[in-house]
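Notes for the one structure printed next.
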2 protein chains.
Amino acid sequence: MDTKNDKLTIQQVAEATGLSVHTLRYYERIGLIHPIGRAENTHRRYSTDDIGWIEFLNKLRATGMPIQQMQAYAELQRQGDVSLPERVEMLKELRHNVETHIAELQEHLKLIYYKIEIYQDLIEEPTPEPA
Amino acid sequence: MDTKNDKLTIQQVAEATGLSVHTLRYYERIGLIHPIGRAENTHRRYSTDDIGWIEFLNKLRATGMPIQQMQAYAELQRQGDVSLPERVEMLKELRHNVETHIAELQEHLKLIYYKIEIYQDLIEEPTPEPA
DNA sequence: CTACAATTTAGAGCGTACTCTAAGTCAAGA
DNA sequence: TCTTGACTTAGAGTACGCTCTAAATTGTAG
């Protein structure tokens, strides 16, 4: 129930997560992913838990969180439950940033709608000639 | 009514738009901003129309539009009304991208809320010991 | 056993969007 | 007039997040 031994290759994980094999190794190197277990002491074998973590990383990235903060978060995660308060703080800050960002995008969206409307009117009725 | 002669210095435009003077010159170099008029034939003097355009550029950037597309849009703008249909197409594509992006952020936001909740429960009731 | 494909590491390279430097010109106040 | 500071250009440098290469090893299908 804890760590299923599904043992996927890096190739399979790349397909499953949308990250390239290069990026998967890069993420591990910089500590975003803990050192992955090896089969035959050389080739990586990922567990389904590992996949879950990588998918979470993908979501953090998609929110615009910089790699450095993700590294900090991963480090806290490794420290276990003692780091829960700090992780909550990070998540709250992220929540705030994302909400702010969404609000900003919605503002800009309004302008885009407005411009589309105006431009379409101008296209239908070119150079509104004084009657 | 067309181009007010408010004539701001690059310094003032930087303050007004939030871009650095470096970035303002960079944007002009790469064609995001049309060649700005000069006072005494060397120093740039920006009109309020120029400011308006730069603020629009800022909004495009904030939506995540890459510089290359912004260059294309700026070029269309320079061509005048004949390019209106193409600009509308670009704006529609942008609208789609922004809407998709907002939807994605809202999905991720849900997960963030969920995690905050779970973690806070764990903090209040540490290591739920089997009764 | 032979190929060929996948994996490994360390490290170099790349695309985007700035950001800064150097060397010189210009302007405005004391 | 002197000095201080803003402005100019061309071009170099930087930060971020990958992305790729080289050279060696390992795995697998026939």
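Chain identifiers are assigned alphabetically (A, B, ...) following the order of the sequence lines, protein sequences preceding nucleic acid strands; residue numbering begins at 1 within each chain.
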Using a 3.5 Å cut-off and no angle test, enumerate the donor-acceptor pairs between side-chain atoms of residues 102-117 of chain A and protein atoms at least two apart in sequence or in another chain.
unit_1	atom_1	unit_2	atom_2	d
Glu107(A)	OE2	Lys110(A)	NZ	3.0
Tyr113(A)	OH	Glu99(B)	OE2	2.5

For residues 12-29 of chain B, which side-chain N or O atoms pair as donor and acceptor with protein atoms under 3.5 Å away, sequence neighbours left out?
unit_1	atom_1	unit_2	atom_2	d
Gln12(B)	OE1	Thr9(B)	N	2.8
Gln12(B)	OE1	Thr9(B)	OG1	3.4
Thr17(B)	OG1	Val13(B)	O	2.8
Thr17(B)	OG1	Leu19(B)	N	3.3
Ser20(B)	OG	His22(B)	N	3.4
Ser20(B)	OG	Thr23(B)	N	3.0
Ser20(B)	OG	Thr23(B)	OG1	2.9
Glu28(B)	OE1	Arg44(B)	NE	2.7
Glu28(B)	OE2	Ile36(B)	N	3.1

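Pairing each heavy atom of Ala62(A) with each of His101(B), the nearest pair is O-NE2, 4.2 Å.
Sorted by first and then second residue, the side chain to side chain donor-acceptor pair (under 3.5 Å) pairs involving residues 51-66 of chain A (not counting sequence neighbours) form an empty list.
Residue contacts shown for Thr9(A) are limited to sugar-phosphate atoms, with no base heavy atom under 4.0 Å away.
If you measure from atom CG of Leu19(A) to atom P of dT19(D), you get 9 Å, rounded to the nearest angstrom. Rounded to an integer number of Å, the gap from CG of Leu8(B) to C1' of dC7(D) is 15 Å.
In this structure a side-chain-to-backbone donor-acceptor pair under 3.5 Å is present from Asp50(A) to Ser47(A). Between the side chain of Gln71(A) and the backbone N or O of Ile30(A) there is at least one donor-acceptor pair closer than 3.5 Å.
Along DNA chain C, read 5' to 3', the first and last nucleotides having any atom under 4.0 Å from a heavy atom of chain A are dT7(C) to dG11(C).
Of the residues in residues 62-72 of chain A, none lies under 4.0 Å from DNA chain C by heavy-atom distance. Residues from residues 22-33 of chain B with heavy atoms under 4.0 angstrom of DNA chain D, sorted by number: Arg25(B), Arg29(B).
The CE atom of Met70(B) lies 11.5 Å from the CD atom of Gln77(B); values are rounded to the nearest 0.5 Å. Here CD of Glu89(B) is found 12.5 Å from CG of Leu94(B). Values are rounded to the nearest 0.5 Å.
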Worksheet item: Would Arg95(B) and Leu91(B) satisfy side-chain contact (heavy atoms from CB on, under 4.5 Å), going step by step from the backbone distance to the final call?
Response: CA-CA 6 Å; Arg95(B) 176 177 64 185; Leu91(B) 291 174; over 6 Å; no
Item to complete: Could you give me the CA-CA distance, side-chain angles and deciding distance for Gln79(B) and Arg87(B), then say whether side-chain contact (heavy atoms from CB on, under 4.5 Å) is met?
Response: CA-CA 11 Å; Gln79(B) 291 170 11; Arg87(B) 276 185 274 163; over 6 Å; no
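Taking the nucleotide of DNA chain C with the nearest heavy atom to each of Arg61(B) and Ala39(B), the more 5' of the two is matched to Arg61(B).
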